[in-house]
Number of protein chains: 2
Amino acid sequence: MSRTKARAALLQELEAAMRRSSAQGVLYGQTVANVAGIANSDLECMDILYLEGRVTAGRLAEVTGLTTGAITGVIDRLEKAGLVRRERDEADRRKVFIAVVPEAAMKIGQFYVPMQQAMEKVFAGYSEEELRLLLRFANEGYKGVLAATEALKSLLDTPPEKRPDLKLKKLRPNP
Amino acid sequence: MSRTKARAALLQELEAAMRRSSAQGVLYGQTVANVAGIANSDLECMDILYLEGRVTAGRLAEVTGLTTGAITGVIDRLEKAGLVRRERDEADRRKVFIAVVPEAAMKIGQFYVPMQQAMEKVFAGYSEEELRLLLRFANEGYKGVLAATEALKSLLDTPPEKRPDLKLKKLRPNP
DNA sequence: GCTAAATCTCTTAGTGGCTAAGATATATAT
DNA sequence: ATATATATCTTAGCCACTAAGAGATTTAGC
């Protein structure tokens with residue numbers, strides 16, 4: 001197998017491996033929502049709040065891709081469960097900031113412990129330099145996925161016949 | 001900062017970075033479903049079919065965590081859209097194998113092109129040896145997440161008062 | 001300053017995918 | 001042969017979602 005061919009095969013394997021693990025990651029999230037007894041979108045919003053801190057209802061809609069109406073429902077449920085609080089912005093009274101209630105949110109956090117433990121075990125097998133490589137990849141990968149999402153969204157606004165011709169890769173033959 | 005402290009900080013940063021990119025990955029999937037005009041679960045099943053090939057309806061239920069009733073609906077919709085075919089197992093006529101219709105499924109595949117292009121660009125910045133490291137991590141990570149999912153599911157069957165005490169990490173203070 | 005347009009969240013009606021329970025058909029065990 | 005187990009489908013009812021628009025507040029134009 002030639003040098004470049006080896007790389008191509010490696011890339012293909014990598015893509016499949018990442019797809020698999022990412023699919024399993026989705027399932028983990030669904031399981032957390034199940035165990036925690038909240039809806040999937042509710043958990044997704046908790047996750048965003050964890051990553052971004054105090055954000056407005058509109059921002060949640062923007063990030064999740066849900067309508068503002070749906071977000072109102074999400075916040076209602078989360079607030080009733082005591083996980084978040086609505087906080088009207090005093091500067092712009094149309095806005096509603098959503099803030100997690102840390103003590104209550106920890107009850108959700110516990111369900112990520114199995115995941116954290118599993119990942120710690122995995123990380124233990126890597127040197128600090130290797131971990132830095134993984135970090136670099138995670139950051140670059142994030143930016144890539146973000147850009148891809150935007151590209152795909154913009155496709156939505158383009159009428160099908162005017163879309164740039166996307167060249168398809170062959171579907172992988174079944175194993 | 002001490003040697004081990006540096007590693008701890010690195011691990012924390014890594015966790016956040018992976019969480020971010022994985023969340024964005026979920027969003028990408030939702031966007032694909034949107035653009036393709038099919039339900040989220042339908043796309044998830046297409047993905048499983050792509051990864052595992054021809055599988056039974058029951059296996060889809062098992063992997064997705066949906067009830068068999070829900071899967072019937074998924075398959076009905078996918079079949080109506082011409083994306084999959086039901087194939088009764090001749091050996092065991094209770095079973096129904098689901099197989100993708102390759103030509104039609106390619107129409108879905110095209111929506112992954114932006115993602116593939118983005119990832120290709122990212123991968124271009126890595127040597128073959130580094131890619132091998134990423135592959136190793138993706139595989140080990142998959143196993144880790146799989147194990148974590150099982151651990152979490154088993155928690156579901158354990159009554160709350162009998163659950164092993166999960167030690168919580170402090171919630172990250174908001175940025 | 002006052003009116004019009006824009007922005008942000010919430011409300012309402014209606015839709016669709018989900019669960020739970022059980023029906024149907026086929027296979028396996030006693 | 002009968003009973004039990006397995007695999008999928010059916011049905012009723014529920015709940016989160018969308019689309020459309022209302023209400024409240026801010027910003028822009030004159």
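Convention: sequence-line order gives letters A, B, ...; per-chain numbering from 1.
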(message) Rounded to whole Å, please give me the gap between CZ in A/R93 and C1' in C/dC10.
(response) 15 Å
(request) Round to the nearest Å and state the distance from A/D89 atom CG to D/dA24 atom C1'. (result) 14 Å
(request) Quick one: sort the B/Y126 and A/F137 rings into parallel, tilted or perpendicular, breaks at 30° and 60°. (result) perpendicular
(request) Calculate the interatomic distance between A/I75 atom CD1 and C/dT11 atom C1'; express it in whole Å. (result) 14 Å
(request) List the protein contact pattern of nucleotides 16-22 of chain C with one symbol per nucleotide (5' to 3'): B for base contact, S for sugar-phosphate-only contact, - for none; contact means a heavy-atom distance under 4.0 Å. (result) -SSB---
(request) Please determine if A/R59 and A/E52 form a salt bridge, counting it only when a charged side-chain N lies under 4.0 Å from a carboxylate O. (result) yes
(request) Give the cluster check for B/Y142 versus A/V122: same hydrophobic cluster or not, with ILVMFWY residues linked at side-chain heavy-atom distances below 4.5 Å. (result) no
(request) Give the rounded distance in Å between these two atoms: CG of A/L60 and C1' of C/dC10. (result) 15 Å
(request) Indicate, with yes or no, if B/M46 and A/V26 share a hydrophobic cluster defined by side-chain heavy-atom contacts under 4.5 Å among Ile, Leu, Val, Met, Phe, Trp and Tyr. (result) no
(request) Can you check whether any acceptor in the base of D/dT6 is under 3.5 Å from a donor in the side chain of B/R94, or vice versa? (result) yes
(message) Looking at A/R54 and A/E87, is there a salt bridge between them, counting it only when a charged N and a carboxylate O are closer than 4.0 Å?
(response) yes
(message) Could you tell me how far apart A/R88 (CZ) and C/dT9 (P) are, to the nearest whole angstrom?
(response) 8 Å
(request) Would you tell me if any nitrogen or oxygen in the side chain of A/R86 comes within less than 4.0 Å of OP1 or OP2 on C/dC10? (result) yes
(message) On DNA chain D, does the nearest nucleotide to A/D92 precede the nearest nucleotide to B/K95 from the 5' side, or the other way round? Give the residue.
(response) B/K95
(message) Any non-hydrogen side-chain atom of A/Y50 less than 4.5 Å from a side-chain atom of B/R19?
(response) yes
(request) Nearest whole angstrom, please: distance from the P of C/dT12 to the CG of A/D76. (result) 12 Å
(request) Check the distance between C/dT7's C1' and A/R59's CZ and give it to me in whole angstrom. (result) 17 Å
(request) Decide, yes or no, whether a salt bridge links B/D76 with B/R86 under the criterion of side-chain N to carboxylate O below 4.0 Å. (result) yes
(message) I need the CG-C1' distance between B/N34 and D/dC17, as an integer number of Å.
(response) 12 Å
